[in-house]
Amino acid sequence: MRGERVIFEEGQPGRTNHQHAPDSASLKDLPPTLLRSTPPPLPEVSELQVVRHYTRLSQKNFSIDTHFYPLGSCTMKYNPRACHVLAMLPGFLNRHPLEPDQTGQGVLSSLFELQEMLAEITGMAAVSLSPMAGAQGEFAGVAMIGAYHRQRGDVERVEMLVPDAAHGTNPATASLCGFRVREIATQATGDLDLDSLREAVGPQTAGLMLTNPSTLGLFEREVETIIDIVHQAGGLLYYDGANLNAITGRARPGDMGFDAIHINVHKTFSTPHGGGGPGAGPVGVSKRLQPFLPVPMVGCQRDAAGKNHFAWVGARERPQTIGQLSAFMGNIGVLLRAYVYLRMVGGDGMRRVADHATLNANYLMARLTEAGFTAAFANRRASHEFILTLKPEMDRFGVSALDFAKRLLDYGFYAPTIYFPLLVPECLLIEPTETESKEELDRFIAAMVAIRSEAMENPALLKEAPHHVPVPGGGLGRLDETRAARKPDLIWKKRD
Amino acid sequence: MRGERVIFEEGQPGRTNHQHAPDSASLKDLPPTLLRSTPPPLPEVSELQVVRHYTRLSQKNFSIDTHFYPLGSCTMKYNPRACHVLAMLPGFLNRHPLEPDQTGQGVLSSLFELQEMLAEITGMAAVSLSPMAGAQGEFAGVAMIGAYHRQRGDVERVEMLVPDAAHGTNPATASLCGFRVREIATQATGDLDLDSLREAVGPQTAGLMLTNPSTLGLFEREVETIIDIVHQAGGLLYYDGANLNAITGRARPGDMGFDAIHINVHKTFSTPHGGGGPGAGPVGVSKRLQPFLPVPMVGCQRDAAGKNHFAWVGARERPQTIGQLSAFMGNIGVLLRAYVYLRMVGGDGMRRVADHATLNANYLMARLTEAGFTAAFANRRASHEFILTLKPEMDRFGVSALDFAKRLLDYGFYAPTIYFPLLVPECLLIEPTETESKEELDRFIAAMVAIRSEAMENPALLKEAPHHVPVPGGGLGRLDETRAARKPDLIWKKRD
Amino acid sequence: MPFIPHTQEDVQSMLSTIGVESLDALFDEIPTTLRSAPPRLPPPLKEMAISRLMRERAGKEGGALAFLGAGAYEHHIPAAVWEIAGRGEFYSAYTPYQAEASQGTLQLLYEYQTMIAGLTGMDLSNASLYDGASATAEAVLMAVRCSQKQGGCVGIPATVNPRVVATIRTLVSQLGIELVEIESCPLTGAVDWQRLAGYPQRDWLALLIPQPNYFGVLEEVDALTNWGHAQGALVIGVVNPLSLGVLKPPGEWGEKGADLVCGEGQPLGIPLSSGGPYLGFLACQTQWTRQLPGRIVGRTEDRRGQVGFVLTLQAREQHIRRAKATSNICTNQGLMTVAATLYLALLGPTGLARVATACHHNSKQLQEKLTGIVGVEKGYDGPFFHEFVLQLARPVESVLAGLFDRGIIGGLALASDRLLVCCTETKTEQDRDRYAQALEDVMKESGG
Amino acid sequence: MPFIPHTQEDVQSMLSTIGVESLDALFDEIPTTLRSAPPRLPPPLKEMAISRLMRERAGKEGGALAFLGAGAYEHHIPAAVWEIAGRGEFYSAYTPYQAEASQGTLQLLYEYQTMIAGLTGMDLSNASLYDGASATAEAVLMAVRCSQKQGGCVGIPATVNPRVVATIRTLVSQLGIELVEIESCPLTGAVDWQRLAGYPQRDWLALLIPQPNYFGVLEEVDALTNWGHAQGALVIGVVNPLSLGVLKPPGEWGEKGADLVCGEGQPLGIPLSSGGPYLGFLACQTQWTRQLPGRIVGRTEDRRGQVGFVLTLQAREQHIRRAKATSNICTNQGLMTVAATLYLALLGPTGLARVATACHHNSKQLQEKLTGIVGVEKGYDGPFFHEFVLQLARPVESVLAGLFDRGIIGGLALASDRLLVCCTETKTEQDRDRYAQALEDVMKESGG
Ligand SMILES: Cc1ncc(COP(=O)(O)O)c(C=O)c1O
Ligand SMILES: Cc1ncc(COP(=O)(O)O)c(C=O)c1O
């Protein structure tokens, strides 16, 4: 089976979907120097060719809708179809962002309620919805920490502390906000190394970015102490909310003492990941950071008759804001999906989410260790995810985490996150989420066990995997990433 | 790869999507003897399991959106997505059929215009949209012919003439309408045998059901003579419109002299076939059959202010009607799709449809015969479809039309219609439709040629085909139809 | 060109391969006298323009709070149903003739057959017919074939939906099958089985039993089934499949159970759509398998023992048996079975029972509220399911008009003083109160 | 339970496998002082109830005929775009880390990169950023990196969308990059490149050139590009990609072409949605490849020489380079690239040119109509694309209010006497006449 041609290869000069004779419209009145001399090199294909090509391409994806997708740190859970359908109602889709607020009371009221609900779930004083992904939420949070210190004249605080297990966006964000990044070590237990932390903090400390449960899949047991240490040194605490799915309804970052948090709605609140986005990264803060929240936010005023009026609130009303993060109001369509999800799940439901996400992870960890795999933190409770290290398998059979991952594709499972966090050698970070059934987990366990036997008996089977990814036109072998980076081929050109 | 489990195997007792605590509602007040004693044996699965299962199942279909589908007589052309989206607008979907006409002016005006447009395209005096598929359109047409004769007291006309090449629905319909079916032979040229016809007609003749272009993919050259013969014998003429795609904008059944016609909107007017329906089979008639049209139809009245009011017209207003064919008004959602399609394509566009459908068929026929295949009617012009006979291949290599068809699946093409019409041995009835590009046709030709080489060199390859149908979880071999019929296994039961 | 991919060069090169000069030449076998100009249709619209037109037209529709049933029912349809049913692979495939390339549709139909058989308590089901009414007509024809008798009659209670009866009449009348109406009791709104004993002796081929019946009333199905069987008739249950979430399945009616079960599948995830497309279902016991009309899917294996699904028992069908087929049906309502299957899978036994119970509860509540209004009485006494008749002291037409002015479609007029009202799970307490308030106002107003 | 498949038995058996008693026990590592009760949220709604609520809320929105642009544009989106983009396999997949199991998304992104590069006349494009404004900020950061200079400033014409400028300010201000405003000519509404020569000497790192600019006016991009390059600055084109169906691609601006091109991809098949999600694009010439932020997809092969696609050049990104990454972006706007790719494929070169031409035509017509009204003058003289400024003799706010009462959103107030009006291919002649008539009435009425 050959792969799918690229759409440009399907084209024919002169083919067009355009249905009818061109209108009389012309560009005669525009200066010719401002116009194109040749048509843009786009494909020339029929509507059927477009539909067929992209329908076939779509089938070449594993996705939540088709496969178990235990990608650690990513919370690939079911994206309820109702959220999609309701966020795509024409009334929502067709409204221009600059229309007067009075034509947007439906969307504004939903967003206002979402702000309130997220504040309640996280225990923060206020939430702004405008960041367009987790990383932008981080940016907002860290920029607010900077603004806070600056406003107090505390200009020496140039260092941001980041645990060595942190997600790459944490240090990258700190840099983007002009901070120097200082890494804090992790203990063998998986908790943060308090000694390193104590050593690191000082008058130059702007804050600490913590993920809790951490990217190791562990709840940071010393979180209160950590917060005290940093606060006492005059720093603020940033909470990376990527793992919120582990604790909703069980614990709240605000109660722990964090000053800022971002939330990945495309994780905990089940908005789809879209093959790479869009997500949304609402940011919540404690009281002292409230004035700095990014704009716009949604405000509510009650009129004399007791009727609520919702309106966008911008830099004019919030002069201390760090500013706006996008031309308009962030990823509203995504936020509406999160709103619908939250309204369907409710408060007790949010606890059930954490409970069952955690149950699934601990069950998988128990069964897999029982089957001979090595958990990186066998004596700890897993949160909603956990780490296996394949170091033993590497040592004994010469197969790597990558080999395991690729072989899982042959079995019809998306692979867990590999080689992250960087601390644990040959690691698989496995996150089943609460929406997977026990049967599915059992099938995954069976596959892992089978692959482990293959590793013993025929390691080449893993090293050459995948062999027959079960998608149409599958049978693709392992792709050569080195070649891709060495001789970048980034756009299609006619070849012969 | 194992196949997809059936949904019942995914279930677990007690699993439910139902989101919240049961309401206080109960059935206490109903007599227990009228109630179920055990819950219905439905699957107990989560929403994700449903979505995943049926998404995966869907991928196991070939379809227009994914594959070339040259199924003769079926006109598998592109189903424009706009037709679907616009017919699925909530305003259309949520209206109850018995609401007053005043809440349905949008849908009624569209249907009224569709009636008019179909009458214009076919050249008939009037059209009723209510039949729910081609076969029901046939029923309506033939029942009207019966009603016409009865009304004239012409009660001896008990015989319906049907060419031997006719589609199975023709004789089946005639029987259902209480007629005796008499077959008329076809000449070697593909035209109807006028001698047989002359011999067959008489005072017992109720009518003749003709498909034109015929199921042989040929325009019936003697159609005027045929019509004369039957009309002179006092019979009426029924036109099976399944092949209308071949002649829209080029010729009209009404002009030819037909008395009744059905139209498969799921063929010529590009509504989707949905894996087996729903379609719709509007029926058009000449003046004399007009009073008998099935109800309801859509009427239009202009008020004093010149505004149109559209309303359903039923048996009360049309006392001679053969009656209603469904509880309500037929497959309205399908008819709306046809309406949208027709409005986008327009009158000249309908001719272009026939032109290019015919062009594609004749091109394929020319290239395939050039490549050594045998056209059943090589000296005739193909209409929008044509027949290859694989008799020579059968005789020389022992491979059948079925073998060819199954092998085409391996190449990623749906198979043409096989063994229909019954007249031509080992036949493939090939209908490319106008929406396929020359490149796609060329790829199909290449596959046919390759398979023919395989037939010479390694016929077993065909006889055991398919080998690896390119769908996920494919690799299904040829399924045993005999076994299925001999030991029917028609519903899932728990097995061990 | 709209939906036609050919470039000028394509057309030229293809014409020359064929060996003709022009597209016109491809039609040279059509007698010149018969050639026509392109039809005169309104000028073609771009997708943008037709979208705007249809949105305007759709925008005009409905909008009123409708308490209509009478054979088509508003239910909440989970979003996942049409998100999946609308997938191109289901939507744009043909009838699954090539089994190996149509396993998606085929396996789904097999699951559908299983669900319908399970719901109805039958051994098997076909893969759909057009709608409930035509399916009932097919059931009558099937029963006649099964009975293998010449002559005889089919009993149709007066409580069967009149639209269904009209359709049966159209579809079976051509074959001269006699349909005999069986009276109902004016008090209960159901067939009084005890009076049936007094009926003139007849050669009954089949007996239809609607459950719930047209008035929403529940029939005494056990007694009726036993009576039918005692007459040597085949018993055909005509049921609302959603009600089978809680009502006794026809397979368990009376001592032997119904023989055939048919009905309208629309309540199972199919939108109202002004009347269609809907879904006819027909299920039966094994002994009648070979008389069943329509597609049937069976499970089988390939050479290597892998499970797969095929269309089976095709010798019943028109494309094989032609004039002697069990029916002329070819295209059926495939995509509607996709929706129904998804709906039933999403709801499961608990969900279906809860929806049915909520319907019952809401309609009961509404009935109580409405019959508390002066001039509004119960039409019948019997137990009912999600639909009931009201007896009004004011002319129904003017009451309906008054309600319509208040944004409510109050039901279907059955007679000048009788109204059929339906209330499913979609109607909240607020909706019901709104109806009651409006009716109260209208009854006062239109009073005299 | 909503979206959770566990039965009671599942939970029990899993707990016992884990070796704990209860779900509570799974959280025993959380300090007791930190454990919380479930959040107090509104009571959960069934899908039916939330559907009704959201339909009501959606029903309230918009509805007026809006002549708004200013960075987000209404276009007809072919139905096929979201029918395909909404498919679960695109919608519910993650960032394509496992290439072999993500070929759908990866190949599509490769095609997207090719289309964007082709439209802009650049060598390559990344696979999306958040929106046009943040993409422009990333372009500024990238240009600063490319320039490898310390200090220096970035020139931003006053004709750049102020919302974009505000976003740049937020995103780059933390790094102390100096942004210098470049004035525009009050008559033409564009930058007067001839006056730039008189600017004080400065160390320009980069120059932004908007085309069309915020006022819809077309800039003299050739001269500006040449000026920028003469100053040693990198030239960043900020463009509306739809306009590139007819306007000169930035790769051909001036003698050497722009160095980077960025902008808002929303016009390419993405609905307005009250403001997002949209699509930021960023393309550049090959020499800057390794400074490009965001995902990039490359074509490669497997062992057997079969073509496939992978995420590549990841050493630029945060998950590898961490604090030294080109950007902190991780999740981007993947699904929006699906829509944009489908849109561009459906339109093709001809379709895109026709849409752009129709926009131009319609806005020109509207401008002529409106400036024929007493008290309504052109704001600027220069050539424009689908958006223009009006100078009003009445206070803009009251004019807009008057129009709103007539169901029209007349544009965006730029100042108390200036209105920015947009007119795309979606506005028919009738719509334009309606606007003109309403404006005429309002101008008379609000007159004094
Ligand atoms: C731990 C952690 N932090 C931050 C992020 C960044 O979030 P986003 O991808 O939404 O920008 C992620 C996402 O993968 C993450 O896993
Ligand atoms: C020639 C012909 N006649 C009649 C029919 C019956 O139409 P339908 O399947 O819509 O009932 C068909 C459909 O396949 C056909 O091809």
Side-chain angles (χ1 to χ4, degrees), chain B residues 16 18 25 39 41-42 50 57-58 60-65 82 86 89 91 93 95-97 106 120-121 132-133 135 168 171-173 175 177-178 181 219 249 272-279 323 326-329 331 333 346-347 351 355 358 362-363 437-438 477 479 484 489-492, chain C residues 5 10 14 18 23 26 29 38-39 41 44 54 57-58 60-62 68 87-89 92-95 99 101 103-105 114 117-118 124 130-131 133 163 170 174 271 273-277 298-300 302-303 308 312 318-319 322-323 325 328 331-335 345 349-351 357 361:
Chain B
T16 168
H18 243 257
L42 295 172
V50 173
L57 274 193
S58 77
K60 295 184 166 215
N61 269 0
F62 282 28
S63 65
I64 277 296
D65 279 7
L86 297 176
L89 291 172
L93 288 189
R95 185 173 171 275
H96 191 283
E120 165 67 13
I121 290 170
M132 292 179 288
T173 299
S175 294
C177 290
V181 173
F219 191 90
H273 212 282
S326 66
F328 299 105
M329 299 83 176
N331 288 341
R351 170 177 279 194
D355 285 1
T358 305
N362 281 282
Y363 174 74
S437 65
K438 178 168 176 295
L479 289 165
D489 173 352
L490 310 178
I491 67 171
W492 185 83
Chain C
D10 288 339
M14 293 168 83
I18 299 167
L23 289 167
L26 295 173
E29 290 192 358
L41 303 182
M54 296 312 279
R57 289 188 175 177
K60 279 196 212 152
E61 311 292 274
L68 281 167
R87 286 174 58 85
E89 300 94 322
S92 76
Y94 204 81
T95 303
Q103 286 297 296
T105 293
T114 306
L124 69 145
Y130 301 131
D131 80 332
R163 286 174 196 80
T170 310
Q174 314 286 337
S273 304
S274 284
R299 187 174 180 269
T300 185
D302 74 358
R303 221 178 287 265
T312 192
Q318 45 74 26
H319 60 289
R322 301 180 70 83
N328 71 337
T331 291
N332 57 22
Q333 306 287 108
L335 198 66
T350 321
T357 307
H361 174 82

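Every chain is numbered from 1 and lettered A, B, ... according to where its sequence line falls, protein lines coming before strand lines.
C/T312 touches chain B through its side chain: at least one heavy atom from C-beta onward sits under 4.5 Å away, while N, CA, C and O do not. Residue C/A345 touches chain B through both its backbone and its side chain, counting heavy-atom pairs closer than 4.5 Å. Using a 4.5 Å cut-off between heavy atoms, C/T350 contacts chain B through its side chain alone, with no backbone atom that close.
In this structure, B/N61 contributes its side chain and C/T105 its backbone to a donor-acceptor pair below 3.5 Å. Between the C/D10 side chain and the B/S437 main chain, no donor and acceptor come within less than 3.5 Å of each other.
With respect to chain B, the highest number of heavy-atom pairs below 4.5 Å among C/R303, C/R87, C/E29 belongs to C/E29. Options B/S326, B/S175, B/A82, B/G279 differ in how many heavy-atom pairs under 4.5 Å they form with chain C, and the most are formed by B/S326. Interface check for chain C: of the options B/L93, B/N362, B/V50, B/I64, the most heavy-atom pairs under 4.5 Å are formed by B/L93. Interface remark: of the candidates B/P41, B/A135, B/P39, B/G323, B/A135 forms the most heavy-atom pairs closer than 4.5 Å to chain C.
Contact record, B/M132 with B/N331: O-ND2, 3.1 Å, taken as the closest heavy-atom pair.
No side-chain heavy atom of B/L89 sits less than 4.5 Å from a side-chain heavy atom of C/R57.
Not a single side-chain hydrogen bond (donor to acceptor under 3.5 Å, both in side chains) links C/R322 to another residue, sequence neighbours left out. Residues satisfying the side-chain hydrogen bond (donor to acceptor under 3.5 Å, both in side chains) criterion with C/S274, sequence neighbours excluded, are B/R95.
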